[in-house]
Amino acid sequence: MLEVVGGVMQQPTDEVHVAWYKESARLGEIGNIWLAGHLNWWNVPEGVFFHLADLEEGDRIEVTGEDGAIHVFEVQ
């Protein structure tokens with residue numbers, strides 16, 4: 001969990017973790033959820049969101065919460 005400080009989103013600390021921002025909806029709630037991750041990282045050419053540009057409208061994204069529940073989102 002990260003937050004927005006002074007209008008700036010705090011950044012995830014490595015190439016594999018995705019941050020959720022406490023100012024946005026939680027998994028399972030109605031509303032927009034803010035997630036952030038890196039495209040690449042120092043000496044790591046492919047971070048967790050490396051293929052983000054390949055997404056197309058209608059694609060499904062599955063996010064697994066800390067409790068193991070899977071939440072499905074659709075790209076718009």
Side-chain angles (χ1 to χ4, degrees):
M1 175 182 67
L2 294 177
E3 58 188 303
V4 177
V5 178
V8 178
M9 295 170 79
Q10 293 178 323
Q11 295 184 21
T13 57
D14 61 28
E15 76 280 6
V16 296
H17 287 96
V18 175
W20 162 76
Y21 292 86
K22 70 178 190 175
E23 294 86 355
S24 69
R26 295 178 181 270
L27 289 174
E29 290 182 351
I30 295 174
N32 293 320
I33 187 169
W34 304 347
L35 302 173
H38 291 284
L39 299 176
N40 54 28
W41 191 253
W42 304 104
N43 298 318
V44 179
E46 294 187 13
V48 67
F49 283 161
F50 182 77
H51 294 285
L52 188 64
D54 298 336
L55 290 174
E56 297 180 356
E57 187 170 338
D59 284 349
R60 291 169 42 103
I61 298 170
E62 294 184 358
V63 178
T64 304
E66 289 183 337
D67 62 356
I70 297 174
H71 303 269
V72 179
F73 295 86
E74 184 177 314
V75 176
Q76 295 182 346

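Index from 1, following the sequence.
Note on residues 52-72: pairs passing side chain to side chain donor-acceptor pair (under 3.5 Å), not counting sequence neighbours, are His51-Asp54. Sorted by first then second residue, the ring-ring contact (aromatic ring centres under 6.0 Å, His included) pairs that include residues 25-47, not counting sequence neighbours, are His38-Trp41.
For Ala25, the side-chain contact (heavy atoms from CB on, under 4.5 Å) partners are Glu29, not counting sequence neighbours. With sequence neighbours left out, the side-chain contact (heavy atoms from CB on, under 4.5 Å) criterion links Leu52 to Leu39, Phe49, Leu55. Residues passing the side-chain contact (heavy atoms from CB on, under 4.5 Å) test with Val63, sequence neighbours excluded: Leu27, Leu35, Ile61, Phe73.
The hydrophobic cluster containing Val72 does not contain Val18, counting ILVMFWY residues as joined when their side-chain heavy atoms lie under 4.5 angstrom apart, directly or transitively.
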May I have the list of side-chain donor-acceptor pairs in residues 3-17 shorter than 3.5 Å, sequence neighbours left out?
from	atom 1	to	atom 2	distance (Å)
Gln10	OE1	Glu3	N	3.2
Asp14	OD1	Val16	N	3.1
Asp14	OD1	His17	N	3.0
Asp14	OD1	His17	ND1	2.8
Asp14	OD2	His17	ND1	2.8

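Side-chain contacts under 4.5 Å among hydrophobic residues (ILVMFWY), followed directly or transitively, place Ile30 with no other residue at all.
Listed here is the closest heavy atom pair of Asn32 and Ser24: O-CB, 3.6 Å. For Tyr21 against Ala36, the heavy-atom pair with the smallest separation is OH-CB, 3.3 Å.
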